[in-house]
Amino acid sequence: MSDDAAPWLIVGLGNPGAEYAGNRHNIGFMVVDLLAERIGGKFKAHKARAQVVEGRIGPPGPANRRVVLAKPMSFMNLSGGPVTALRDFYKVPLERIVAVHDELDIDYPTLRLKLGGGDNGHNGLKSMTKSMGADYHRVRCGIGRPPGRMQVADFVLKDFSSTERKELDWFVDRAADSVECLVSEGLERAQSAYNG
């Protein structure tokens, strides 16, 4: 399969299980859930320990891209295993992998898209980079820093506050738009349109 024929692998990072569903750490799952809804797909179990939806994103014509939306069913700090298995299964080049994740160092609700870079203490990214290298795309969904002396782990594993929830649908919608733009029109276009 030539690189041109390879799909894009869009990975939402999060923790599986109903008790984590509304957590800040699960915004990646929320974004790929919305993308799946937009393309009319239902997540199905994949042998790579992930839930996947296959479909197409983008306008009709040359900018229409084949995508695999994925939610690793390992816990966050083990995301690299399922993502690497999906990469190998679908023969996806590293630069066509997009991780959608929460980001502490960016204010809520701000997006930043980039290619490569460090993991910034994010266990999902750390695991992916250890498994595959760092040169994949990131859609960084700002959640801001914990208030007061709250521990980071406690903060990311809490649901969005009632104030944050007022903007959450808009934020998830915008993040999903940015993924579609990245895949169809490239990183520079997506950065200029969506980077906050």
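What's counted below: heavy atoms across the whole structure, side chains too, no hydrogens, waters or symmetry copies.
Here the side chain of R140 pairs no donor or acceptor atom with the backbone of R138 at under 3.5 angstrom. Counting only distance, with no hydrogens or angles, the side chain of E103 and the backbone of C141 share no donor-acceptor pair below 3.5 Å. Although no hydrogens or angles enter the test, the distance criterion places no donor-acceptor pair under 3.5 Å between the side chain of S127 and the main chain of N123. The backbone N or O of P146 sits nowhere less than 3.5 Å from a side-chain atom of R149 that would complete a donor-acceptor pair. In this structure, the side chain of N64 engages the main chain of G58 through a donor-acceptor pair within 3.5 Å. Listed for the R65 side chain is a donor-acceptor partner under 3.5 Å among the backbone atoms of V183. In this structure a side-chain-to-backbone donor-acceptor pair under 3.5 Å is present from D159 to N23. No donor-acceptor pair under 3.5 Å is formed between the side chain of N120 and the backbone N or O of H122. Checking side-chain atoms of H137 against main-chain N and O of E95 turns up a donor-acceptor pair under 3.5 Å. In this structure, the side chain of N15 does not engage the main chain of F75 through any donor-acceptor pair within 3.5 Å.
We find the OH-CZ distance between Y108 and F160 to be 5.5 Å, quoted to the nearest 0.5 Å. Between S184 atom OG and R189 atom CZ the span is 11.0 Å, to the nearest 0.5 Å.
Ion pairing between R38 and D177 holds under the 4.0 Å rule for side-chain N and carboxylate O. Under the 4.0 Å criterion applied to side-chain N and carboxylate O atoms, D105 and R145 are assigned as salt-bridge partners.
Taking every heavy atom of both residues into account, I27 and H101 meet most closely at CG2-C, 4.1 Å.
Side-chain polar atoms of R112 and N195 form no donor-acceptor pair below 3.5 angstrom.
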